[in-house]
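Worksheet: the structure to be examined is printed underneath.
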Amino acid sequence: MIDPAILRTDPDRLRESQRRRGESVELIDELVAADVAKRDAQQRFDELRNEQKNLGKQIGPLQGALKKAADDESRVAAQAELDALMATAQDLAERVKAAEAEAAEAGARVDTLWLQVSNLVNLESPVGGEADFVVVAEAGTPRDFGAEGFAPRDHVELGELLGAIDITRGAKVSGSRFFYLTGPGAMLEFALLNLAMQQAAAHGLVPVITPALVLPSAMEGTGFLGQAAENVYRIESDDMYLVGTSEVPLAGFHADEIIDAADLPLRYAGWSSCFRREAGSYGKDTRGIIRVHQFDKVEMFVFCRPEDAEAEHARLLSWEREFVDALELPYRVIDVATGDLGSSAARKFDIEAWIPTQDTYREITSTSNTTEFQARRLRIRMRDEKGTRPLATLNGTLCAMPRVIVAILENHQQADGSVVVPVALRPFMGGLEVITPT
RNA sequence: GGAGGCAUCGCCUAGUCCGGUCUAUGGCGCCGCACUGCUAAUGCGGUUUGGGUUAAUCGCCCAUCGAGGGUUCAAAUCCCUCUGCCUCCGCCA
């Protein structure tokens with residue numbers, strides 16, 4: 001959610017943001033009208049309620065006076081006054097009830113509309129759709145397999161040769177887009193997890209193992225029940241959701257809290273399984289483990305002052321690059337265009353690793369500055385010398401297992417199908433230098 | 001899964017039986033001011049959160065006693081539902 005004050009002071013800013021995202025501009029007009037209606041209704045209720053309270057204050061003492069009345073005459077007079085008061089009060093009570101219902105309804109309408117408004121985009125973000133990203137950095141050089149004299153195998157083939165990935169059995173047991181990591185594949189994931197957590201801890205992030213099943217409030221608070229809802233698994237029997245990223249439980253960690261600004265930034269590295277329905281991606285990446293329904297991921301998450309958010313975003317990106325650098329993978333960094341940000345992000349950078357057999361770069365990490373958007377929805381605030389106000393949240397992938405494993409296998413393969421283990425991972429694989437076909 | 005208890009504005013706490021005097025008590029902590037060589041002590045004032053009104057402040061108004069409903073002219077207080085925590089029993093990685 002965005003600062004509601006902007007709706008009154010500068011609604012054009014909201015319209016411009018919606019326009020850049022390719023989302024409804026009319027929504028803002030509806031919201032402006034609904035907001036006025038809500039305040040009117042609220043004010044009517046406030047006034048009536050005030051009247052009712054004042055009236056109520058007279059009834060108590062009057063009843064006392066009635067009991068203590070010295071003679072019949074004064075008793076009758078007091079009784080008459082009380083009856084009149086009660087009649088007014090009863091009438092007022094009905095009007096208060098009606099006004100309250102109206103105010104609640106108007107408020108609910110505003111809330112519903114606000115939930116449909118995506119975060120204000122950063123004006124630096126390139127405007128456009130998925131293809132309109134800007135490349136902001138490149139690192140490493142893709143290998144020239146032609147010059148090396150062999151055609152690279154794709155990760156599916158390598159995974160089979162090495163006994164590292166079993167997609168056939170994944171499909172047998174769980175259906176399409178599921179897989180087993182076996183032997184060296186599983187060891188590779190554990191090594192990646194350890195390297196990621198070691199790096200995270202070295203930078204002062206607190207390692208966290210999160211729940212993967214969350215309540216609707218956590219899902220909604222992080223903005224995943226909007227456009228992204230079709231990609232979320234819902235557990236019907238218990239009204240809960242399987243998270244698509246530990247961003248959700250990490251953001252919710254401090255929900256409803258007010259954090260002393262002196263304790264900021266709070267930085268976490270969360271580990272959880274991630275579940276995605278991948279609705280609407282039929283036919284995309286059907287081969288291999290680039291796009292799967294369940295995978296594990298180490299995710300960084302930060303709570304900080306809004307004024308520090310952009311610097312923090314750059315820091316998260318640099319930590320992501322440090323990790324990918326350590327894995328000796330060629331990659332590029334893109335500044336994601338406004339139409340492809342998702343509802344929560346104001347700005348987003350993706351790291352795309354070179355995938356030799358696809359002859360292209362594919363997303364392996366993503367870091368978003370969600371400014372105060374999620375914090376408002378989750379009621380996470382900070383207290384500093386300026387008072388109590390929402391803080392900023394940011395997230396960034398440190399290591400999404402399947403895609404990183406794909407990149408390692410394909411980029412570090414040798415002519416005989418073996419794969420060289422990146423130096424940084426070797427300590428976590430018992431010193432293993434090369435994974436060889438079984 | 002069963003039985004019982006608890007939930008008050010940072011922390012502790014009064015109030016709930018018996019509805020109105022609750023504009024929620026007191027202590028601790030914290031902030032400001034005063035006093036004082038300094039510190040300490042003391043005194044005075046302030047200290048939940050959200051919203052409205054205002055150019056803004058002061059002020060005023062509304063909501064908020066775990067959440068949501070209900071009864072009533074009036075609810076922290078009475079009734080119902082839910083959630084969380086604690087104790088005991090059962091079951092179980």
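The figures here come from the full heavy-atom set of this structure, side chains too, leaving out hydrogens, waters and symmetry mates. Every chain is numbered from 1, with letters handed out A, B, ... down the list of sequences.
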Walk along nucleotides 77-85 of chain B from 5' to 3' and tag each nucleotide B, S or - by protein heavy-atom contact under 4.0 Å, base first, then sugar-phosphate.
---------

By the definition side-chain hydrogen bond (donor to acceptor under 3.5 Å, both in side chains), identify the one residue from A:N369, A:T370, A:T222 that meets it with A:T393.
A:T370

Short side-chain N/O contact to B:U53 OP1/OP2 from A:R39, under 4.0 Å:
yes

Scanning all shown strands, the Watson-Crick or wobble mate of B:C58 with both distances under 3.5 Å is none

May I ask you to decide if the ring planes of A:Y268 and A:H254 are parallel, tilted or perpendicular, using 30° and 60° as cut-offs?
tilted

Taking only distance into account, with no hydrogens and no angle test, what donor-acceptor pairs under 3.5 Å do side-chain atoms of residues 424-438 of chain A form with protein atoms, sequence neighbours excluded?
from: A:R426; atom 1: NE; to: A:V421; atom 2: O; distance (Å): 2.8
from: A:R426; atom 1: NH2; to: A:V421; atom 2: O; distance (Å): 2.9
from: A:T438; atom 1: OG1; to: A:L161; atom 2: O; distance (Å): 3.4

Minimum heavy-atom distance between A:P249 and A:T210, given as atom pair plus value:
CG-OG1, 3.4 Å

At less than 4.0 Å, is any side-chain N or O atom of A:R383 found next to OP1 or OP2 of B:U49? Yes or no.
yes

A:R389 and A:E372 ion-paired at < 4.0 Å:
no

Opposite nucleotide pairing with B:G20, Watson-Crick or G-U, both atom distances under 3.5 Å
B:C73

When both distances are under 3.5 Å in a Watson-Crick or G-U wobble arrangement, the nucleotide paired with B:C65 is none

Which heavy atom of A:V336 sits nearest to which heavy atom of A:F133, and what is that distance?
CA-CB, 4.4 Å

Taken to the nearest whole Å, CD/A:E257 to P/B:G10 is 14 Å

Hey, does A:R389 reach any base, or is it just sugar-phosphate, or nothing, if we go heavy atoms under 4.0 Å?
nothing

Quick test of your reading of the model: are A:E16 and A:R20 salt-bridged, counting only N-O distances below 4.0 Å?
yes

Find the distance A:R44:CZ to B:G51:C1' and express it as a whole number of Å.
16 Å

Atom NZ of A:K38 and atom P of B:A63: how far apart are they, to the nearest Å?
16 Å

Picking from B:U49, B:U71, B:C73, the nucleotide nearest the side-chain atoms of A:K97 would be B:U71

If I pick the C1' atom on B:G66 and the same atom on B:C86, what distance separates them, to the nearest angstrom?
15 Å

Protein and nucleotides 58-62 of chain B: nitrogen or oxygen contacts under 3.5 angstrom:
from: B:C61; atom 1: O3'; to: A:N50; atom 2: ND2; distance (Å): 2.8
from: B:C62; atom 1: OP1; to: A:N50; atom 2: ND2; distance (Å): 2.6
from: B:C62; atom 1: O2'; to: A:D46; atom 2: OD1; distance (Å): 2.7

Under 4.0 Å between a side-chain N or O of A:R379 and OP1 or OP2 of B:U49?
no

P atom, B:C60 versus B:U47: distance in rounded Å?
12 Å

If pairing requires Watson-Crick or G-U wobble contacts with both distances under 3.5 Å, which nucleotide is the partner of B:A40?
none

Other residues, nucleotides and ligands only: do more than 12 of their heavy atoms fall within 6.0 Å of CD on A:E310?
no

Distance between P atoms of B:C65 and B:A75 (Å, rounded)
11 Å

Please state the C1' separation for the pair B:U87 and B:A93 - nearest whole angstrom.
23 Å

Span that lies between the C1' atom of B:G29 and that of B:C92, in whole angstrom
44 Å

When both distances are under 3.5 Å in a Watson-Crick or G-U wobble arrangement, the nucleotide paired with B:C11 is B:G27

Classify the ring geometry between A:H203 and A:W319 as parallel (under 30°), tilted (30 to 60°) or perpendicular (over 60°).
parallel

Complement of B:G84, any strand, by Watson-Crick or G-U distances under 3.5 angstrom
B:C6

Walking RNA chain B from its 5' end, the first of A:Q52 and A:I258 to be reached, judged by nearest nucleotide, is A:I258

Among A:D3, A:N122, A:N119, find the residue that satisfies the side-chain hydrogen bond (donor to acceptor under 3.5 Å, both in side chains) test when tested with A:T371.
A:N119

Rounding to the closest angstrom, what is the interatomic distance between B:G32 and B:C85 at atom P?
39 Å

Measuring only the C1' atom in each nucleotide, how far is B:C22 from B:U64? A whole number of Å is fine.
14 Å

When you compare B:U23 with B:A74, how far apart are their P atoms, in angstrom units rounded to a whole number?
15 Å

Exercise: identify the closest heavy-atom pair between A:L391 and A:C304:
CB-O, 3.4 Å

